[in-house]
Amino acid sequence: MARIGVFICHCGENISATVDCEKVAKVASEFPGVTVSVDYKYMCSDPGQNMVKEAILEHNLTGVVVSACSPRMHEPTFRNACAEAGLNPFLCEMANIREHCSWVHEKSDATTDKAIDIVRTLVEKVKRNEALAPIYVPITKTAVVIGGGVAGIQASLDIADAGHKVVLVEREPSIGGHMSQLSETFPTLDCSQCILTPRMVDVARHPNITLYTYAEIESVDGSIGNFNVKIRLKSKSLDEKLCTGCGACIQKCPVKKIPSEFEQGLGKRTAIYVPFPQAVPNKPVIDRVNCTYYIKGKCKVCEIVCPTKAIRFDQEDSFVEVQAGALLLATGFDVLKTNFFPEYGYGKYEDVIDGLAFERLASASGPTKGEIRRPSDGEIPKKIVFIACAGSRDPAKGIEYCSKICCMYTAKHAMLYKHKVHEGTPYIFYMDIRATGKMYEEFVRRAIEEDEVKYIRGRVSQVYEKNGKLIVRGVDTLLMGQAVEIEADMVVLATAGIASPGSEELAQKLHVSYDKHKFFSEAHPKLKPVETNTAGIYLAGACQSTKDIPETVAAASGAAAKIAGLFSNDLLKRDPLIAVVKKCAPPLYSSCTGCFMCIPVCPYQAIDKEEIKDRSGNIIKTISHINPGLCQGCGTCVAFCKSKSIDILGYNHDQVCAEVEALLNEW
Amino acid sequence: MSAHIENNSLSAKLQHATEVKSAKCYQCGKCSAGCPVSNEMEYPPSVAMRLLQTEDPENDKKLLKSQTIWLCVSCEMCLSRCPMEIDIPKAMDFMRQKSLAEGLSHPKSKNIISFHKAFLDSIKFTGRLHEISLVADYKLRSWHLGQDVGMVPSMLSRGKLPILPEMIKGRKQVAEFFKKTKKT
Amino acid sequence: METNNTNSFEPKVVAFVCNWCTYAGADLTGTSRIKYATNVKIIRFPCTGRIDFMLLMKAFANGADGIIISGCHPNDCHYTSGNFHARRRWMIFRNLLDFIGVDVNRIVFSWVSAAEGAKWAEVVNESVDQFRQLGPATSYQKLIKNSEFQEVE
Amino acid sequence: MQKKIGYYPGCSLEGSSREYSESVVTLANAFDVELVQVPDWNCCGATAAHNLNSILSFSLPARILAKAQEAEMDTIVVPCAACYNRLTMVQHELKKNDTLRAEVNGIIGAELKCDIKILNIVQFIQMFVADFVASKQQFLFDKKVACYYGCLLVRPHDVLDFDRTEDPQSMDEVMKSLGANPIDWPFKTECCGAGMSVSRTDIVGRLSGRIVKEAADRGAEAIIVACPMCHSNLDMRRPALEKAMGEKLTIPVLYISQAIDMALGKSQKETGINRHFVPVNISLQNRVVVPEVVLEKTEEN
Ligand SMILES: Cc1cc2nc3c(=O)[nH]c(=O)nc-3n(C[C@H](O)[C@H](O)[C@H](O)COP(=O)(O)OP(=O)(O)OC[C@H]3O[C@@H](n4cnc5c(N)ncnc54)[C@H](O)[C@@H]3O)c2cc1C
Ligand SMILES: Cc1cc2nc3c(=O)[nH]c(=O)nc-3n(C[C@H](O)[C@H](O)[C@H](O)COP(=O)(O)OP(=O)(O)OC[C@H]3O[C@@H](n4cnc5c(N)ncnc54)[C@H](O)[C@@H]3O)c2cc1C
Ligand code: SF4
Ligand code: SF4
Ligand code: SF4
Ligand code: SF4
Ligand code: SF4
Ligand code: SF4
Ligand code: SF4
Ligand code: SF4
């Protein structure tokens, strides 16, 4: 006989404000098989959990239903409590009467009735639950880190320092990401390259880190503990082992006019190139789209000048496969860069640039050696207008969210400009100043009070060119919308931060979720900020949402700690909610007819064939067999099996049918 | 959508009638920066939106009595650049009609209103616009007798002002429209 | 917001949702305090790929007036392709349902991700409206009960 | 082979802007298109109606659409940008809003299908003229021009879906094909003052003045427009503009249809430029290579 305990939580008033919890407890106490039914203010609190434990012992319960928040929140909490009281944790279920009931309905009888129905459903389910034992799988203690920006660099070093192997995959020819493009960084104004380059070198030298640049993830299968990652090494047209990085090829390459991506188009590069002088690895790649040899079939100057004969024109993409226990996404962000704002003339006027281009102008290693000069004629601008939120907070033309970093970098830009051009005037058109980090507000105040940056609250309506000046038409909303027209020499747009291109495809390859802006989604916005919903896959940095460097690095170290934590065990404990082929007594052995419809539909190749033999070893029957290490419990095979020979633990036929009946019959 | 509006503010009425939600405006001022007549207005469009947001009866009245709503030329520049896609021109239409209905329209806007009325009257009686009668009617209403008369001879000489109005067959039907839609 | 008008027919709706996307999405609806009709009650599955025809029939036989099946968006399935199989199976079910006299409009198929709390409320409210218009499903229930419905399709 | 197509001139094209209508008809004829007027059409109500009475502002255009529907016109050309804007907006609103459509249907006593294709003048040119213009062109329009689109042709983009609202290009393209050199300028879609022409001439003076001055400052030799309101504000109101700007502004304003007509070698009478207030003293160069067919025709003329 079932002896079920039902525990109704008020969640302070989160549930009891709209659901009559006492009534629910009372009605539930009369459900067949229910031995105890009580309500309490906070079930997840210590006294709440103790209540559950004591009831288990006192009434020798065979099942527990906690009617409270979503199981996604507290199922582990209560399953642990049950286990502590000696009840198999899989005999505990949660009835979600908060997220799916009290929070989505007004206070009414219908709401209470719905809560009762939900509880009844789970009571019927739990009566049919079986005691299950967790599954243990071995863990491969290698992490694949995807993306070599500051997030990927920091995380790789942390994991490697913890003693585990790391494979770092970067799709550009060098690691470094956006941070390597920055001039000086807020709020301390320290030189970006100076703090980043040593870490890049550490990555290259670390014995536990294997670095693949110019490489991309081809495919991923397997699951937490045992991923199989296939990496495509794009051809660099070069034998890296032979190349010494002497740079002779770069100097002699005749194709010299390619706009440099690293310099945001403000500088030029050759066809065989390293993105920037401090690149890691400091070995070139040939850009086949622009190389004369690949276009016209002749040149090969680089091959001729190379002292070590490292150039390989016929090199093809190659692949490596890596076994890994965990993956870390650190693919960063990008800036919105099309001419999505025709009224600001971006893409039309040379002197309307974006923030990243300004970083290059201000950088001592940049195309102007750190002098602020306008792209059109190289003149030093007397007036610069910075436009904040250019594309952010703009559902109409850009994106609706706040990019978070641009208030700060715009203040920084205006400051750097003022430091370099003392007689110049920086104007910033802004809507709000969001400076919420440590020392950030002070930084902005310094820009306004000491560096005389002119902040004007209002959004610019139009920028157009006249007689070599850029006319900026805005208003001052703090002066009743008074018109402000500035004749500027240069305009810098704080364009929006967006997800890195290719994020969606990557997310699909890895089966992690992403939001509508294509940023990867964390498993919980507060409590699991560096985990994804897919076990074993973590994220860090600006690939989650635009972040500044301090936040990025904090997240990277956090994710690294999670991975090191995972790797601190040899075996991984997993929920046993997987498929099983039903067996029965001879001579049938199993209702499985051996049609093997289930094999091709399993997304994890977890099903194979099993031969049932008699004592003398003759094959009586071939039926399907599920590999518990691979099965993820999706249940697709269940729906496909015509003879209903596969069931899924935790969601078996009996259970779900009982749920449907219980849910509907008393309605 | 709750059917009962307890909220009696202009902003609530605006939203009810036109789905234009003034609360969406975050006061960036881009509309005012691009509005061609913003300089002439006592409340540039973004300020008008702010006044609506306050839901203060005094501010509602300020708007209905303003010249702003009559100066707006419905050019839609504000809407086409508003990051929140707020249909200010529609809001202006709504406020003009409210202002007229409540008899609050600004004395200095009489010209503009007279012109609109004269325009509609011309259509009412002929089905089409007859420019001479329009101008004549407008002058009678606005008392701007001298204005524009100078242009008439040169317009006539260029064949730009037909003397007799074109009467369409359906003019009765058109006149009916005016009656049927009067309630609004 | 939905109000439970006493005069009008209130359909009973079961929602079969996947654990990873729609269940989480419905959690987000709650966390965001977006209101929807009480008519819909949720049963959790690992994946929409798990949901078979028999369960749908079971629900109708037990008095459901409408069913919502919702999982991850195409390509976002937590299990790679479960939702894809579910979708394909659904195409086949449709004809079958039609054949035995169940109005296919009584089943709503939708995609709601973990980030789409507001969409879940919309799906629920729109489906309830749709089922409300279709009226009670009694005739089908009788039919299904009488036809000695077996647990094999 | 004559193509027939519906035509809604609108009130100003019958009155103060009749040269626009004349030039459009000339243009259509030159390309074997017959423009058939919407029977017994009425005024669209323009700005006045939607300023004062919103349901009337739907009913007036709705009657026009109903008349076109009755006459089984699937496409109508509407050269006046204001009328084009009103008709398109109203058809769009009525199509998506069932209650409103029912109400308006009741008032006008018709059942609107809301599926008429409404073309503005530029779309008309793109569809019927652009591909053939090279073969008929006699003169090179080798001038610097400022294409001025105004507000109503491109806004609101969501509904009209014609060109882009910032820095549109379609008229520039047409002018380029005639050999003109369209300038890049920022006021292509700034408002001219529109319906305030009579009631607040001072404002029109300032708004239109700025536009004309900007075009002139950038070296344009003509402003090309596609709307009678823009034209009357920029051309007829020139004294007011000059007063507001405090300088003489002599740059002429041409309808785009007139510009093509001129390039085709049409007479002043056919293009209607003799009716302008600001004299159009533009003389065009003969095309260097003139196809023989066209040569013969000119001789006949
Ligand atoms: C103009 C500007 C100024 C800034 N100034 C400051 C400042 O002063 N102070 C500050 O704290 N922050 C500043 N920031 C923010 C700073 O740039 C970011 O916080 C930081 O770069 C985020 O690092 P990340 O590693 O997450 O991403 P990224 O720097 O974007 O690195 C991501 C890396 O992943 C690689 N990658 C992407 N996709 C793939 C793939 N599919 N496979 C393999 N590799 C991939 C990329 O090539 C890149 O190397 C600024 C940002 C901008 C735009
Ligand atoms: C009014 C208010 C509303 C908020 N609302 C939100 C919200 O809605 N969402 C959100 O994300 N955040 C919110 N926050 C912020 C949130 O409270 C903090 O982010 C969070 O509490 C920080 O956690 P913590 O552990 O760092 O610090 P704390 O919560 O302060 O915990 C520090 C602990 O350390 C103990 N301690 C201190 N000194 C010592 C010592 N010397 N030895 C031993 N123990 C010590 C303290 O007793 C305390 O228990 C809110 C904050 C406030 C003030
Ligand atoms: S168990 Fe869940 S519902 Fe109950 S108090 Fe804790 S969080 Fe709230
Ligand atoms: S010349 Fe040869 S060794 Fe030197 S950088 Fe180029 S490829 Fe490498
Ligand atoms: S072969 Fe290509 S990369 Fe090498 S030098 Fe010539 S152009 Fe440059
Ligand atoms: S951080 Fe500042 S500039 Fe950037 S989007 Fe947010 S408010 Fe705008
Ligand atoms: S589908 Fe069912 S019957 Fe067929 S092989 Fe798989 S388990 Fe056996
Ligand atoms: S439940 Fe079935 S289909 Fe899904 S992973 Fe396991 S064996 Fe494969
Ligand atoms: S542009 Fe839009 S959001 Fe900005 S102030 Fe104007 S109405 Fe408000
Ligand atoms: S529609 Fe009215 S408020 Fe908007 S920009 Fe034009 S004149 Fe200004």
Side-chain angles (χ1 to χ4, degrees), chain A residues 69-73 96 98-106 108-111 113-114 117-118 121 125 221 504 507-508 511-516 521 533-534 577 601-604 632-644 648 650-651 653 656-657 659-665 667, chain C residues 1-4 10 12 14 16 18-21 23-24 26-47 49-55 58-59 61-64 72 75-82 85-86 89 113-116 121 124 151-153:
Chain A
C69 46
S70 170
R72 296 166 49 83
M73 173 107 187
N96 185 344
R98 191 178 76 172
E99 283 84 345
H100 291 186
C101 187
S102 75
W103 276 349
V104 288
H105 308 308
E106 310 286 358
S108 73
D109 289 346
T111 306
D113 288 347
K114 176 170 171 183
D117 286 339
I118 296 175
T121 305
K125 179 179 189 195
D221 40 46
E504 192 175 13
Q508 289 171 359
H511 306 296
V512 301
S513 35
Y514 50 93
D515 62 26
K516 66 174 171 189
S521 301
N533 254 331
T534 307
L577 305 182
V601 300
C602 171
Y604 299 93
Q632 299 297 308
C634 67
T636 307
C637 54
V638 178
F640 266 84
C641 177
K642 289 222 172 76
S643 65
K644 297 282 161 256
I648 195 145
Y651 297 97
H653 289 297
V656 293
C657 289
E659 283 185 84
V660 170
E661 277 176 19
L663 191 60
L664 285 159
N665 276 343
W667 197 319
Chain C
M1 209 213 67
E2 288 300 320
T3 42
N4 290 341
E10 287 304 326
K12 302 183 201 175
V14 192
F16 295 142
C18 79
N19 183 33
W20 303 100
C21 293
Y23 195 93
D27 276 359
L28 182 62
T29 320
T31 330
S32 327
R33 309 295 200 277
I34 303 170
K35 304 284 184 255
Y36 58 77
T38 52
N39 307 46
V40 173
K41 291 160 198 176
I42 293 173
I43 298 186
R44 176 159 75 135
F45 286 86
C47 174
R50 161 70 183 84
I51 299 159
D52 53 7
F53 186 63
M54 191 215 77
L55 275 166
K58 185 113 204 157
N62 280 285
C72 311
N75 296 324
D76 293 357
C77 176
H78 181 78
Y79 300 106
T80 322
S81 53
H85 288 302
R89 238 185 353 266
S113 78
E116 295 175 322
V124 167
E151 296 211 346
V152 186
E153 35 177 274

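In what follows, chains are A, B, ... by sequence order, proteins preceding strands, each numbered from 1.
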Residue pair [X] / [Y], side-chain heavy-atom distance below 4.5 Å:
X         : Y         : result
Ile43(C)  : Leu663(A) : yes
Thr636(A) : Arg50(C)  : no
Lys41(C)  : Leu664(A) : no
Asn39(C)  : Lys114(A) : no
Asp52(C)  : His653(A) : yes
Trp103(A) : Lys35(C)  : no
Pro71(A)  : Tyr23(C)  : yes

Taking atom [atom1] of [X] and atom [atom2] of [Y], what is their separation to the nearest 0.5 Å?
X         : Y         : atom1 : atom2 : value
Cys47(C)  : Gln632(A) : SG    : CD    : 12.0 Å
Asp117(A) : Thr38(C)  : CG    : OG1   : 10.0 Å
Ser513(A) : Trp20(C)  : OG    : CH2   : 10.0 Å

Can you see which heavy atom on [X] is nearest to which on [Y], and at what distance?
X         : Y         : answer
Pro46(C)  : Gly633(A) : CB-O, 3.2 Å
Phe45(C)  : Tyr651(A) : CA-CE2, 3.9 Å
Asn19(C)  : Arg72(A)  : O-NH1, 3.6 Å
Ala639(A) : Ile51(C)  : CB-O, 4.0 Å

Among Thr31(C), Leu28(C), Val124(C), residue most engaged with chain A (heavy-atom pairs, under 4.5 Å):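 Heavy-atom pairs under 4.5 Å are most numerous for Thr31(C).
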
Lys58(C)/Glu661(A) ion pair, N-O < 4.0 Å: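 A salt bridge links Lys58(C) with Glu661(A).
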
Greatest number of heavy atom pairs closer than 4.5 Å to chain C - which of Asp221(A), Asn96(A), Leu577(A), Asp113(A):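 Top option by heavy-atom pairs under 4.5 Å: Asn96(A).
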
Residue among Glu504(A), His100(A), Lys516(A), Lys125(A) with most heavy-atom pairs under 4.5 Å to chain C: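 With the most close heavy-atom pairs to chain C, the winner is His100(A).
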
Tyr36(C) and His105(A) aromatic ring geometry - parallel, tilted or perpendicular at 30°/60° bounds: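 It falls in the perpendicular class, over 60°.
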
Segment of Ala24(C) engaging chain A (4.5 angstrom heavy-atom cut-off):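 Both backbone and side chain.
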
Heavy-atom proximity to chain A below 4.5 Å, by part of Phe16(C):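 Only the side chain of Phe16(C) comes within 4.5 Å of chain A.
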
